[in-house]
Amino acid sequence: MKRLLYYLKPNCKLMIFGFTIKTIGTMLDLFLPLILANIIDTVIPTENVSSIILWGVAMIACSIGAVVLSIAANRIASRVAGNCTRAIRHDLFGHIFSLSTTEVDRITVSSLESRLTVDTYNVHQMINLDQRLGVRAPVLFIGGIIMTFILDFRLTFVMLSVLPFVTATIWIVSKRGIPIYTELQGAIDKMTSVIRENTSGVRTIKALRKSDFEKRRFDELNNEAISKEKRAGITMASTNPIVTFFLNLGLAAVILVGAALVFDGKSTNGKIIAFISYFTIISNALINVSRIFTVSSKGLSGMNRIDKVLRLEALPFEPNESADIIYNECGSDVPFIRFDHVSFSYPGGHGQTVLSDISFEISRGQTLGIIGTTGSGKSTIISLLLNEYEPTGGNIYISGKKSDRNISLAIKDRIGVVFQNDFILSDTVSENVRFGRDISDEDVETALKNACADFVFDYPDGTDHHIDIKGANLSGGQKQRLLIARAIAGKPDILIFDDASSALDYSTDARLRRSIKENYADITSIIIAQRVSSIMHADLIIVLENGKTVAFGTHDRLIAGCSQYREIYEAQMGGDFDLE
């Protein structure tokens, strides 16, 4: 609740103005039955037509005033709700990027998406409706009771006898609603996760004819979500019928007692008609209160889920020192990148070790190749180097400094990365390469040429050619070359290829390596590959197996002394090699 008040505070003046005009408009509605009673009991018996017309005009004026002020107040409510929701989405989206990879993995991406969309929508609905009905309903309720006291206090006590039952119903049902809606959102998170998996892997699912299996998996989660939604709906839907039942009992009692009072000459027809009108107003106000509690249950549940993310510790966005200091302090005798007995286990991985006692060092301008079987920990080394995770053992040093979040932030603009499963924007070629950075058109074209992405220049519109979402109108090799162009366009000091040439033929792969070596000779490169040809010319090569270093050295040295590396080489290159 404190978080919600924080976002409402900047709109406080606007809300007060909206509440004021909403209150005035609602009070104008309350005068209508009183004027009607006066016309029936006082004005009509005088048979004065001008007086009847005058009071009729007064009723019309009150109605018009109530409508105009209500519309204005509703517009203000929508504006406040929009302002708050925009601020919440902005802060939540920005905060997600400041979270550690560990926290994102724990919450899951699908849950974060749900909080950014469904939960913020429910919060928007709550803020909007609470302003519109949160003022009107109490004013109608309290004002209606005051007016009924003015008309006939005896009938008012009859009416009030049912209110404790109505209040108890609303309170009990609403109290149960918030946890139920929280469970519902959890089920929707799971369903969203499956949808994300299926949409990203739809081609594989079709190719392996696993559509029926995925449908069954989705149906299980869909049924779970429906079950929880049905439970929430049934719980909250019971409010209106029960409230209406008690109110109808009260109305019946009011009519019976009112009829007896009129028959005894202790009341008038106009008062009874006005009283019934006020009773209807009060009934609608209470029903609206129950509606407020229903929407608020969803909104507060969503706000609680959003608050849990916002309360997580944010990592800094800006470094404490510049990259120049870090780079310049590295002398020729200090390794540029050094892993010192590094071990790592993923959080929530039940203690399973992914990397164990990894040690190596490379100097500035050298190229390190990493090869190994699937699941050997190759990509994890890159994740640790980029400070996405912290080692569970050992240390990583960059330019002689122990790597941490500050170092990672300081050199982030000096690193070019092509991940194994990178993404392509639905935009032009040039914007995909530029990627929001201040890179000239000339540098974009140079990067494309150096990445051997010559196919771009065959398009009629060249670098302005539009790329479909996920690069659907590109081949696998074209995607990889475009991503490599993105990585080298910023003229990085460290270049990381995480299996970035797996879709390239041997000829293009060799041409790409030659181009990188000729045009970016001073770059420190780390290449993860499945193919020996991609890393055999590296200055140093690490062979990994089950998260451990099997061998470390040059290609010739590994051929001579590492059976695992030699087996990979023989399988891929034909087996003919000369140790001399």
Undergrad: So, for Q530 and I371, which heavy atoms are closest and what is the spacing to 0.1 Å?
TA: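 Distance-wise, the nearest heavy atoms are O-CD1, 4.0 Å.
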Undergrad: Are I516 and L495 side-chain neighbours, meaning at least one heavy-atom pair lies under 4.5 Å?
TA: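 Counting from C-beta outward, I516 and L495 do come under 4.5 Å.
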Undergrad: So does D454 pair up with K449, basic N to acidic O under 4.0 Å?
TA: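 No, this pair does not count.
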Undergrad: State the CD-CZ distance between E220 and R216, to the nearest 0.5 angstrom.
TA: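 Reported to 0.5 Å precision, the distance equals 9.0 Å.
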Undergrad: Could you check if a side-chain atom of I358 sits within less than 4.5 angstrom of a side-chain atom of L355, using non-hydrogen atoms only?
TA: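 Of all side-chain heavy-atom pairs linking L355 with I358, at least one is under 4.5 Å.
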Undergrad: Taking the six-membered ring of Y565 (Phe, Tyr or Trp), confirm whether the NZ or CZ of R557 is under 6.0 Å from its centre and within 45° of its axis.
TA: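 No; the conditions do not both hold, so R557 does not lie above the ring face of Y565.
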Undergrad: Counting only heavy atoms not in F457, do more than 12 sit closer than 6.0 Å to its CZ atom?
TA: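 Yes, CZ of F457 has more than 12 neighbouring heavy atoms, counting only those of other groups under 6.0 Å.
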Undergrad: Testing the basics here: between I484 and F497, what is the closest heavy-atom pair and its distance to 0.1 Å?
TA: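 Looks like CG2-CZ, 3.9 Å.
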Undergrad: Run through I370, L558, I362 and flag the one making a side chain to side chain contact (heavy atoms under 4.5 Å, CB included) with L540.
TA: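 Only match with L540 under side chain to side chain contact (heavy atoms under 4.5 Å, CB included): I362.
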Undergrad: Checking side chain to side chain contact (heavy atoms under 4.5 Å, CB included) against V123, which of N128, L300, V118, I88 comes through?
TA: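 The single option meeting the side chain to side chain contact (heavy atoms under 4.5 Å, CB included) with V123 is I88.
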Undergrad: Assess whether atom CD of E390 is packed by more than 12 heavy atoms of other residues, nucleotides or ligands within 6.0 Å.
TA: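 Count not over threshold, so no.
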Undergrad: Once side chain to side chain donor-acceptor pair (under 3.5 Å) is applied, do any residues pair with T428, and if so which ones, sequence neighbours excluded?
TA: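 For T428, the residues satisfying side chain to side chain donor-acceptor pair (under 3.5 Å) (neighbours in sequence not counted) are S430.
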Undergrad: Would you say the rings of Y389 and Y346 are close, in the sense that their centroids are separated by under 6.0 Å?
TA: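 Aromatic pair counts; centres sit under 6.0 Å.
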Undergrad: Step through the shown structure and confirm whether more than 12 heavy atoms of other residues, nucleotides or ligands are within 6.0 Å of CG on D461.
TA: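 Count over threshold, so yes.
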Undergrad: Ion pair present between D119 and R115, side-chain N to carboxylate O less than 4.0 angstrom?
TA: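 Looking at D119 and R115, the cut-off is not met.
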Undergrad: Between I494 and I523, is there a side-chain heavy-atom distance shorter than 4.5 Å?
TA: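 Side chain of I523 against side chain of I494, heavy atoms only: no contact under 4.5 Å found.
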Undergrad: Test of understanding: with side chain to side chain donor-acceptor pair (under 3.5 Å), list the residues that count as partners of K402, not counting sequence neighbours.
TA: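 Residues passing side chain to side chain donor-acceptor pair (under 3.5 Å) with K402: N395.
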Undergrad: Between R481 and F455, does a side-chain contact (heavy atoms from CB on, under 4.5 Å) hold up when you go through it step by step?
TA: CA-CA 10 Å; R481 282 177 282 171; F455 65 91; 4.1 Å; yes
Undergrad: Which atoms form the tightest heavy-atom contact between C562 and A551, and what is the distance?
TA: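 Taking every non-hydrogen atom into account, SG-CB, 3.6 Å.
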Undergrad: For the side-chain hydrogen bond (donor to acceptor under 3.5 Å, both in side chains) test, which of N83, T85, D91 pairs with Y7?
TA: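 Of all the options given, the one that passes is D91.
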Undergrad: Below 4.0 angstrom, N of the basic side chain to O of the carboxylate: do K215 and D219 qualify?
TA: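 No, no charged N to carboxylate O under 4.0 Å.
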Undergrad: Indicate yes or no: does D441 engage R434 in a salt bridge with an N to O separation below 4.0 Å.
TA: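 Yes.
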